[in-house]
Amino acid sequence: MTTESTILSTWARQLARLGPACAIATADREISYAELAGRVAGYQARLGGQGPEAPPVLLMSADPAEVIATMLGCMATGRTFAPISADTPTGVLDAILDTLRPGAAVADEESAARLRAAAAADALQILRPDEVASGRWAADDWIDSGVADRGYVYFTSGTTGRPKGIRGSLRAVHHFVAWEIAEFGATTGTRVSQLTSPGFDAFLRDAFVPLCAGGVVCAAPTSPLPVGDGLARWLESARVEILHCVPTVFRTLGSARVDPDRLSGSGLRAALLAGEPLHASDVAWWRGLFGDRAALVNLYGPSETTMTKFFRRTTEDDASARPVPVGRPLPGVSFRVLGRPEPGSQGPKGDIGEIEIEVPFPLPGYLGGAQGGFDPGGRRFRTGDLGRIRPDGELEVLGRRDSLVKVNGVRVELNEVEGVLRLHEGVRDVAVAAVSNGPGTVLAAYHVGSAQEAGLRAHAQQYLAPAAVPTVFVRMAEIPRTLNGKADRRRLPRPTSAAETSRGSEPQNDVERDIAAIWAELLGLATIGRDDDFVVLGGDSLATARLLDRLRTRHGVEIPLRVFLSAPTVAGLAAAVTGAGSADPSRTAGHVLAARGAEHGR
């Protein structure tokens, strides 16, 4: 008999009570608790029987239902699972396989082919979901399974560029899940968004808060992820009550036609944001729409301590706060701000230091045994983030400890520069980096939004010492970030290459000119040629989602992602838009564009 509730046992109790009820809702199907249980039993049968020391199971599937079923199947067999994104680059995939040494992998057809081609996958048992039959099950077997917690592994970018495996315990996941269910009143039928890639540990929150509460996982489409108007429409149609996402995705709602009455009417009552800093402007916009009808919650915590460990229900005061506090720790969690703290204290209020978090469960540490910020005692972690304690006892996070650089011999705090630039009304996001410039170093500011260089430079000069004013300003469609939401400065483009503009031929008609104008806005470039490649110019997945959403709004056509990627140029996209617009009314735009994509591929 189990003496402590687990993710598996808590879900199984809901299964015994709710069997035919919907557990997972996707764009085209609903999966009941009973159907999910059959999938779990199928994976349990295929992955079990190897004993407690069985090697980890790699999960590489884009289907959230199969990922969730595999996770539960691994919990039932006592095997460690390691989810990664289906679009993980080949070099990163090879490094993950070499580090993890999995014994089995659950992968969809495309991912399975990539795994078979990998150098380190010789002895890997690869299971495709369509090869795993649903099995017979009994909820009581999972409620009282008594299987040991073998936990999970999530990979994030290491400082050397090699992926770093973070080990986590399922007990820690249950600690967070139980807190959120109680704090936000999740119960039978509560609908919770799932917008997170399986390769990010927030996926565990998206999946198991609703499933352990008897609610519904509302899985958003992934090709592409809905943003802007598309996100607003999806939240309403999916009747999402609790929204989980990163602030970058959340901010796309700011440019959408959001009807707060319709969203509140469809059930939305809380938005929980984590993974990157929440800004005062985010709070002001949200409260301007919803007031106190829907909570906006700021969450903070590194993957090393399992998802988030601090929370704050934002208030009207946060609409002008700098920075927005991350609040107080979850029950059982404590923290210190290291610097010159008195023994046994959190540290002096107002002093800036490194944040250390202590949790009520063991922290397994990094795969391979690297110490990093983990305390030898196994329950504390030094985050590498700087913070301070406010007079009311709540925590403010001020950036990374390693963000101090020297520019021409002068010490500059990158986070301070970023904080000043964020005060400009035309800046939605920003990252500042020190870049080599011949014999010296200069500061480059990469910014997202409508701000122009002259105005942004004048703004910086008002608040910063001369050495801290960026020399170069580069507009970006999006700031690249690591899996845990921090700015990935290694992926920022060289300022010279980022500022280059097209030398190709100019757009030739109104549709091409309109598309080029959209690209220029999204990518932060002055001019766009009709043969320029969106990806080469820096367009990533989120920028692509915004582009397709903008075309849907302005031209009334639905361009499938695969069609756009088959010819990601202004000319190619204009042809797809024109073809969809002139299609026979009896055929959908999707049919016309799919045919065009097939022709292009021949």
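Quantities reported herein were computed from a predicted structural model and do not represent experimental measurements.
The salt bridge (Lys or Arg N to Asp or Glu O under 4.0 Å) test applied to Arg239 returns no partner, not counting sequence neighbours. Phe203 is linked by a ring-ring contact (aromatic ring centres under 6.0 Å, His included) to nothing, counting only residues two or more places apart in sequence or in another chain. Partners of Trp234 according to the ring-ring contact (aromatic ring centres under 6.0 Å, His included) rule, which considers only residues two or more places apart in sequence or in another chain, do not exist here. Residues passing the side-chain hydrogen bond (donor to acceptor under 3.5 Å, both in side chains) test with Glu180, sequence neighbours excluded: His244.
The only member of Leu36, Thr6, Ile143 that meets side chain to side chain contact (heavy atoms under 4.5 Å, CB included) when paired with Trp11 is Leu36.
For CZ of Arg262, the number of neighbouring non-hydrogen atoms (other residues, nucleotides, ligands) closer than 6.0 Å is 12 at most.
Using a 30° and 60° split on the angle between ring planes, Trp286 and Phe290 fall in the tilted class, from 30° to 60°. Between Phe310 and Tyr300, the ring planes lie tilted relative to each other; the angle falls in the 30° to 60° range. Note: Trp142 and Trp137 have parallel aromatic rings, judged against thresholds of 30 and 60 degrees for the angle between ring planes.
Applying the ring pair (Phe, Tyr, Trp, His ring centres under 6.0 Å) test to pairs two or more places apart or on separate chains, none has a residue in residues 251-275.
Checked by atom type, the side-chain pair Thr308/Arg205 shows no donor-acceptor distance below 3.5 Å.
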Could you list the donor-acceptor pairs under 3.5 angstrom formed by side chains in residues 211-218, with sequence neighbours left out?
none

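In this structure, the side chain of Asp108 does not engage the main chain of Ser61 through any donor-acceptor pair within 3.5 Å.
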Show, in sequence, the C-alpha distance, side-chain angles and deciding distance for Thr306 and Phe176, and conclude whether the side chain to side chain contact (heavy atoms under 4.5 Å, CB included) test is met. CA-CA 8 Å; Thr306 306; Phe176 177 88; 5.6 Å; no
